[in-house]
Number of protein chains: 2
Amino acid sequence: MTAEPRRRDSAATRAALLDAATALFAERGFDHTTVRDIAARAGVNQALLFRYFGSKDALYASVMAGQGRELLDDSAGRLLEGVLRRLLETGPRQANHLLFTALQPGGMDNAAAGIREELGDDYVRALSTLTDAENGELRAELVLGWVVGISMLRASAHRDVLRRADTEEVIRLVLGAACTLLERTEQ
Amino acid sequence: MTAEPRRRDSAATRAALLDAATALFAERGFDHTTVRDIAARAGVNQALLFRYFGSKDALYASVMAGQGRELLDDSAGRLLEGVLRRLLETGPRQANHLLFTALQPGGMDNAAAGIREELGDDYVRALSTLTDAENGELRAELVLGWVVGISMLRASAHRDVLRRADTEEVIRLVLGAACTLLERTEQ
DNA sequence: CAAATATGTAAGCACCTGCTTACATATTTC
DNA sequence: GAAATATGTAAGCAGGTGCTTACATATTTG
């Protein structure tokens, strides 16, 4: 078994491209990330991006398919708390979380658009299980919106109140307010 | 009395450009609005955009200076309700309100960046007068984040729960939850 | 009226973008 | 080992972007 890295390894370069794209899309958003940026960070020729993924949109779709649901890994009850904690604990640099690049308007072709739609639905569905009010979907959507907004503000270059704030304090405040919307609190 | 429109009128074309830019930035965001789009909607030659405003960034700064504070026109107590109502009552097309284009990451030069900073501060300052908790600023920032997130979700192409929802119902839910943050509370 | 100035127009430049092509070199297959 | 294939590289294309320039025409000024 030769453990030496092969001088050519399609799987490795594919993975490097995916990692670089994930990081850059999260940092800068879709529009402000160029295929040359991605290839450079991956240490790879940019033509390979198109050989392995076909287009920038398709690469974005791959990124979202792999990473977009990471925040959903919590049990239903602790979902909101888990989402907030992960959001608040990520470094300021990647504060503009991937999920929320999906909400930016315009751009994006149909392949990527399909992924976006599913993703939002998944979060809303998970959140709406937390309440049995008749308008549970709306309540869940409002809570999702809160998380989105907090993420946006954290990513905003000039506003640092949220970046400097204590994680536990933020979680306490948000959960306290949100539980008036999601009637069943964490168990 | 010549009430006839003059064949050449710098003030009028300047205003037309400003109006067109305001609408397009709100609809599509900064990046997805081109100077040619703006000039076309204004019915004006695009070179005039640069004669009257200097650059696309400077035009954006002018737009924000003029319109960005429109949501602030309410008395302090009713601020949140007023902001929400205006937000929810604007047509879906311009749902991506101007204020929130300012939160998109990257891009934007220094002229525009200065305006953005002030703007957010104004909203937070207005909101933080509503609570006397020691971390009032953080609480205000969280509430601002909620408004931002709701606006983002409304603007998102594929999610229409918030667009179809009853305005009064949304306001009732958000105010009910937010008052646990902004009321004169414990501690 | 004539000169000076303000306003409008068409064309294009320099740069960046996603993407493609032609080719070189490594790796596998027979 | 030779042919076939997989992987990497350099260069460039077509289209879009913000912005500039050279010029035409309307309006104001003396």
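By convention in this document, chain letters (A, B, ...) are assigned in the order of the sequence lines, proteins followed by strands, and residues within each chain are numbered from 1.
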Engineer: Who are the side-chain hydrogen bond (donor to acceptor under 3.5 Å, both in side chains) partners of A/Glu134, not counting sequence neighbours?
Structural biologist: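 A/Glu134 satisfies side-chain hydrogen bond (donor to acceptor under 3.5 Å, both in side chains) with no residue once adjacent residues are dropped.
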
Engineer: Within this structure, what is the CG-to-P distance between B/Leu59 and D/dG18, rounded to whole angstrom?
Structural biologist: 11 Å

Engineer: State the pairing partner of C/dT9; accept Watson-Crick or G-U wobble contacts with both distances under 3.5 Å, and report none otherwise.
Structural biologist: D/dA22

Engineer: Could you tell me the separation between the CZ atom of B/Phe53 and the P atom of D/dC19, rounded to a whole number of Å?
Structural biologist: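 Atom-to-atom, B/Phe53 to D/dC19, this comes out as 13 Å.
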
Engineer: In whole angstrom, give the distance that lies between atom CG of B/Asp9 and atom P of C/dG8.
Structural biologist: 8 Å

Engineer: So does A/Asp9 pair up with A/Arg14, basic N to acidic O under 4.0 Å?
Structural biologist: no

Engineer: Tell me, please, which residues at least two apart from A/Arg125 pass side-chain hydrogen bond (donor to acceptor under 3.5 Å, both in side chains).
Structural biologist: A/Asp122

Engineer: For B/Tyr52 and D/dC19, is the shortest distance between a side-chain N/O and OP1 or OP2 below 4.0 Å?
Structural biologist: no

Engineer: Which value, rounded to the nearest 0.5 Å, describes the distance between B/Gln46 atom CD and B/Thr34 atom OG1?
Structural biologist: 8.5 Å

Engineer: Across nucleotides 16-25 of chain C, 5' to 3', mark each nucleotide with B, S or - according to how protein heavy atoms within less than 4.0 Å reach it.
Structural biologist: -BBBBB---B

Engineer: Does this structure show an ion pair linking B/Glu141 with A/Arg163, if we count only N-O contacts that are shorter than 4.0 Å?
Structural biologist: no

Engineer: Suppose we screen for side-chain hydrogen bond (donor to acceptor under 3.5 Å, both in side chains). Which residues come up paired with A/Asn45, at least two apart in sequence or across chains?
Structural biologist: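 Not a single residue meets the side-chain hydrogen bond (donor to acceptor under 3.5 Å, both in side chains) criterion with A/Asn45.
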
Engineer: Can you sort out which residues in residues 10-18 of chain B have a heavy atom within less than 4.0 Å of DNA chain C? Ascending by number, please.
Structural biologist: B/Ser10, B/Thr13

Engineer: Under a 3.5 Å limit for both distances, which nucleotide forms a Watson-Crick or G-U wobble pair with C/dC30, could you say?
Structural biologist: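 Partner of C/dC30: D/dG1.
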
Engineer: What's the CG-C1' distance between B/Leu48 and C/dA6, to the nearest Å?
Structural biologist: 11 Å

Engineer: Would you please name every residue forming a side-chain hydrogen bond (donor to acceptor under 3.5 Å, both in side chains) with B/Thr167, sequence neighbours left out?
Structural biologist: none

Engineer: Could you tell me which non-hydrogen atom of A/Ala140 sits nearest to which non-hydrogen atom of A/Ser128, and how far apart they are?
Structural biologist: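 Closest approach of A/Ala140 to A/Ser128, heavy atoms only: CB-N, 3.6 Å.
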
